Protein chains: 4
Amino acid sequence: MQTLDEAKRRKIQDAAEHLFATRPYHEVRLEDVAAQAGVGKGTLYTYFDNKQCLFASLLNDGITRLVETLQRQLNQAEHEPTRTLRIIVTALVDHALQHPQLFELMRFVPAPSRTSVRSARLQQLYDMLEQAIRRGVADGSLRDPHPELTALFIPGMLRSVMLFSKTLPSRKLLIEHLMRLITSGLLARETDRP
Amino acid sequence: MQTLDEAKRRKIQDAAEHLFATRPYHEVRLEDVAAQAGVGKGTLYTYFDNKQCLFASLLNDGITRLVETLQRQLNQAEHEPTRTLRIIVTALVDHALQHPQLFELMRFVPAPSRTSVRSARLQQLYDMLEQAIRRGVADGSLRDPHPELTALFIPGMLRSVMLFSKTLPSRKLLIEHLMRLITSGLLARETDRP
Amino acid sequence: MQTLDEAKRRKIQDAAEHLFATRPYHEVRLEDVAAQAGVGKGTLYTYFDNKQCLFASLLNDGITRLVETLQRQLNQAEHEPTRTLRIIVTALVDHALQHPQLFELMRFVPAPSRTSVRSARLQQLYDMLEQAIRRGVADGSLRDPHPELTALFIPGMLRSVMLFSKTLPSRKLLIEHLMRLITSGLLARETDRP
Amino acid sequence: MQTLDEAKRRKIQDAAEHLFATRPYHEVRLEDVAAQAGVGKGTLYTYFDNKQCLFASLLNDGITRLVETLQRQLNQAEHEPTRTLRIIVTALVDHALQHPQLFELMRFVPAPSRTSVRSARLQQLYDMLEQAIRRGVADGSLRDPHPELTALFIPGMLRSVMLFSKTLPSRKLLIEHLMRLITSGLLARETDRP
DNA sequence: TATGAATGAGGTTTCATTCAT
DNA sequence: GATGAATGAAACCTCATTCAT
């Protein structure tokens, strides 16, 4: 067979994801990954060129799935910009909660691959956010002189919570609070007052 | 020389900060730090217990300086909550720009010390933010059902920019955009329209 | 190669025995052991947990072989106590001469493992000596109020010679002189005199 | 003053003796010796050329004191050979019991100095034993075809007990048992029997 | 003379990667 | 394709010794 055993590839990735999320990149030994995956050490090299590539595959595959899911959702119909933002934020939160290790993983992306990883998939995510905001600015529903900065802000806020919050907030609360800050900020409005 | 030389300690820290910011933790060799600092390899161990502690000292000292500066500023006078937030954000941005490596450094904080570092000093920073927001909520100028989450968001946004922005925005723009999102969000208000 | 190679293990031990006998524990570099054994430095760690364990294995294996040989010999037939002592002394001398490094090695046994090494195997040797003497005392052929002390004395005498004698005596002379002192002491007897 | 502070020299030696007896040569750090002696690290080098010499001084001084004491005792009067042996054995046992670390120390004599240490003082001790035996052989009171071997045996027996005996025997018992083996061996004699 | 900060050679050990089976 | 024994570069850290004060 040309394509190696896809199930074994996943088994290796799962083992690696678990381990890389548990301890920093350099403290994860390929020997442990192999053991946890139930394969020989050498087998890893049949499926991945080296440690770095195995690691990168985890991030890439995760982000790829997220981005593809999002693209499917957003392409189904044209949404209002705010609605689009909510869809993206919801997907981000869901993805983060399903892969709580993800941000932990990204902490340890070794420098060289970081750039390449980002350019590949992450950029698409930032672009989606930026485009949604730009559409809102265009139709007058949003105001934002620097949508490219705001696009960076949003995953950053989520990341802070995933990494540094002592007790993870619920999915709903997380989404609502992100959307609240993104849309309305903190200032009390006149209309809020009696 | 009879007493530990504080200037030499700084020289070592400066060399380490430079190196740790350039490449990930495990790719920085203490030998290089020593060489760059112009001291012997063993001298590092006179000033820092081990590699991890040297690294931690960079983060701790940096955050400590930031927090202390902030406390001095804020204790001078009582400010409106929004003004307090701006002072903190300004200090954060200034600190980030003066130590562009700082967030890069934190990326590689090995797990064990991360917690301790945070609890020690970082927590004070989060607390300052949270208290400012709570004061605003109390006096009616701000609305925020979860100030502790918002306090996490703010440094997260800054971090995203410092790490992932291709071209660093100017100090002023960064501060203004952060404050804009924090206070007003993105929604265009009625009063904004003609 | 799929299974640990027992021959290679021996090759490593032989190299180590040679080196450890040549210079004290801390002056033997594992790098040299590997070179002399014709294996890579890391290979040592496939066969032995660390330097200490490699070293301990030399002593343990040596003493184990000696004790097992002795047990085989003594179990073949019931001997008179004096004959048993001679068999043990002969085996000790032969072993010492075949492994002239052995006592040299024991000089440097790091403290912690010394105890354990002794309790494990060495104790069996002391016990054999002590039991032989006790049997002689019981059957009236020997007199000894403290066989446990005498059992300690015998290897001690051999050791002195192996370590401190400028010119090693012959096997036969060594055995005879040990047995002479053990059985008869130095006093001239009446019957010796004309 | 030409001669450095002799009391300080002793303080250093006492500290070193304690430490060297506790753990093997290479695990004793000069820093610890200095600390225990209550002096600076550099001071050690005022009194001893280097670690090796400090260590050697402990053995040399100890053996020198023993040998000098013995020479004084033996020169007072002419003794029968057996009496001379008893005097030496007694002195050896006393010295061993007063410096229980001594044999422990010798275990770790680094190879190079061992020879030199021995030639210097230890040889005198062996010579005393050997001469006493030779005198006994000459006057017909002792029989020993190899007094030089027997001279090696005697300290070896004592050493075994000091190092390997689980419970140290009393001074008297140790002396008596050594003398018993040396003089009479283990064989029951006809005259022993009723 | 006394000190202890500074030094750096050298030791042990780890682990990504290779390759014979 | 799968395995795991073998490899060796490279890292951290120790500690005897020096020397400026």
Side-chain angles (χ1 to χ4, degrees), chain A residues 1-5 8 25-35 38-54, chain B residues 1-5 8-9 12 25-35 37-52 54, chain C residues 1-5 8-9 12 25-35 37-54, chain D residues 1 4-5 8 25-35 37-54:
Chain A
M1 204 180 294
Q2 174 82 328
T3 327
L4 302 165
D5 186 348
K8 192 169 284 186
Y25 184 79
H26 273 89
E27 287 177 25
V28 174
R29 294 175 316 165
L30 255 12
E31 182 149 10
D32 295 339
V33 176
V39 301
K41 215 187 320 181
T43 307
L44 300 187
Y45 285 83
T46 311
Y47 292 88
F48 303 93
D49 283 348
N50 53 42
K51 187 181 183 181
Q52 186 102 192
C53 289
L54 165 58
Chain B
M1 222 165 293
Q2 218 67 343
T3 41
L4 253 12
D5 185 350
K8 189 166 288 184
R9 182 189 176 88
I12 293 171
Y25 184 80
H26 273 90
E27 288 177 25
V28 174
R29 296 179 324 187
L30 256 5
E31 184 146 12
D32 296 340
V33 176
V39 300
K41 215 188 315 183
T43 307
L44 301 187
Y45 289 86
T46 312
Y47 289 87
F48 304 93
D49 283 347
N50 53 42
K51 187 182 184 181
Q52 183 103 192
L54 165 58
Chain C
M1 221 166 291
Q2 219 65 346
T3 42
L4 253 15
D5 186 349
K8 190 166 287 183
R9 183 190 175 87
I12 293 172
Y25 185 80
H26 273 88
E27 288 178 24
V28 174
R29 296 178 325 184
L30 256 5
E31 182 146 14
D32 296 340
V33 176
V39 302
K41 217 188 312 184
T43 307
L44 301 187
Y45 287 83
T46 312
Y47 290 88
F48 303 94
D49 283 347
N50 53 42
K51 187 180 184 181
Q52 183 106 192
C53 289
L54 165 58
Chain D
M1 204 181 293
L4 302 166
D5 185 348
K8 192 170 283 187
Y25 185 79
H26 273 89
E27 288 178 23
V28 174
R29 294 176 317 166
L30 254 13
E31 182 148 12
D32 296 339
V33 176
V39 301
K41 215 188 320 180
T43 308
L44 300 187
Y45 286 84
T46 310
Y47 291 87
F48 303 94
D49 283 349
N50 53 41
K51 187 181 184 181
Q52 186 102 192
C53 290
L54 165 59

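Owing to the predicted nature of the structure, the values given are computational and were not obtained by experimental measurement.
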For B/Val33 and B/Ile12, work out which heavy atoms get closest and say how close. CG1-O, 4.1 Å
Work out which heavy atom in C/Tyr25 is nearest to a heavy atom in C/Lys51; give both atom names and the distance.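 Shortest heavy-atom contact: O-NZ, 3.0 Å.
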Can a donor-acceptor pair be found, under 3.5 Å and without considering hydrogens, that links the side chain of B/Tyr47 to the backbone of B/Asp5? yes
Contact pattern, 5' to 3', of nucleotides 8-15 of chain E - B, S or - by protein heavy atom under 4.0 Å: BBBSSBBS
Need the bend value for the helix from E/dA2-F/dT21 to E/dT21-F/dA2: angle between end axes, 5 pairs each end, nearest 10°.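 That helix has its two terminal axes inclined by roughly 0°.
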Nearest-Å distance, [atom1] ([X]) to [atom2] ([N])?
X: B/Asp5; N: F/dT21; atom1: CG; atom2: C1'; answer: 14 Å
X: B/Leu44; N: E/dT7; atom1: CG; atom2: P; answer: 9 Å
X: C/Asp32; N: F/dG8; atom1: CG; atom2: C1'; answer: 15 Å
X: B/Ile12; N: E/dA5; atom1: CD1; atom2: C1'; answer: 11 Å
X: D/Lys8; N: E/dA2; atom1: NZ; atom2: C1'; answer: 7 Å

Is there side-chain contact between C/Thr43 and C/Lys8, with at least one heavy-atom pair below 4.5 Å? yes
Is there side-chain contact between D/Leu30 and D/Leu54, with heavy atoms separated by less than 4.5 Å? yes
Describe the nucleic acid contact of B/Phe48 in one word from base, sugar-phosphate, nothing, applying a heavy-atom distance below 4.0 Å. nothing
Is the phosphate of E/dA5 approached by B/Tyr47 (side-chain N or O, under 4.0 Å from OP1 or OP2)? no
Listed partners of C/Arg29 passing side chain to side chain donor-acceptor pair (under 3.5 Å), at least two apart: C/Asp32
